[in-house]
Amino acid sequence: MADPEFYDDEDLPDPSLKNIIEQDTLQWIFVGGKGGVGKTTTSCCLGTQLAKHRKKVLIVSTDPAHNLSDAFCQKIGREPTPI
């Protein structure tokens, strides 16, 4: 891993939802962490906001608890489901 002293904070984009939405070349966002930290909520919110500005947005969940279905109040199975 590179030494942190070589990073210049001025070269980094602002850590904001606005910046994420405005990144036209952004293709992937991975949301991870321990249980109960808000991964599903964050994924749903990001997906909803991105869908307002992009033609297509895909959310993939590996959560066996099916919380994504609960968040969108819609049954979601193994096949792609329009929301």
Side-chain angles (χ1 to χ4, degrees):
M1 186 187 309
D3 193 339
E5 70 185 51
F6 293 111
Y7 292 115
D8 184 3
D9 287 346
E10 292 177 13
D11 293 335
L12 298 175
D14 292 329
S16 67
L17 178 59
K18 180 178 184 287
N19 184 21
I20 290 172
I21 290 170
E22 291 175 350
Q23 296 295 320
D24 293 332
T25 59
L26 183 66
Q27 294 183 1
W28 301 94
I29 299 173
F30 291 90
V31 179
K34 293 183 177 185
V37 297
K39 296 178 296 294
T40 299
T41 301
T42 300
S43 299
C44 292
C45 291
L46 279 170
T48 301
Q49 292 303 312
L50 285 167
K52 292 178 181 179
H53 299 273
R54 295 182 180 213
K55 195 172 179 178
K56 292 182 181 182
V57 174
L58 173 67
I59 300 174
V60 177
S61 175
T62 59
D63 183 3
H66 306 292
N67 291 328
L68 197 56
S69 294
D70 296 340
F72 285 114
C73 299
Q74 184 172 341
K75 184 169 174 74
I76 299 173
R78 293 177 182 256
E79 297 299 318
T81 305
I83 303 285

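Position 1 is the first residue of the sequence, and the numbers go up from there.
Using a 4.5 Å heavy-atom cutoff, the side chains of Ile29 and Leu50 are in contact.
Among residues at least two apart or in separate chains, there is no side-chain hydrogen bond (donor to acceptor under 3.5 Å, both in side chains) pair with a member in residues 26-53.
Remark: Thr62 pairs with no residue by the side-chain contact (heavy atoms from CB on, under 4.5 Å) rule, at least two apart or across chains. For Lys18, the side-chain hydrogen bond (donor to acceptor under 3.5 Å, both in side chains) test picks out Glu22, with sequence neighbours left out. Residues satisfying the side-chain hydrogen bond (donor to acceptor under 3.5 Å, both in side chains) test with Asn67, not counting sequence neighbours, are Asp63.
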Under 3.5 Å, which donor-acceptor pairs do the side chains of residues 72-79 form with other protein atoms, sequence neighbours left out?
{"residue": "Gln74", "atom": "NE2", "partner": "Pro82", "partner atom": "O", "Å": "3.0"}

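One distance of note links OG1 of Thr81 with CD1 of Ile83; it measures 6.0 Å at 0.5 Å rounding. To the nearest 0.5 angstrom, Leu68 atom CG is 4.5 Å from Cys44 atom SG. One distance of note links CG of Leu17 with CG of Leu46; it measures 6.5 Å at 0.5 Å rounding.
Clustering of Ile, Leu, Val, Met, Phe, Trp and Tyr side chains at separations under 4.5 Å leaves Val37 isolated, with no partner residue.
The two atoms that bring Gln23 and Arg54 nearest to each other are O-NH2, 2.5 Å, heavy atoms only.
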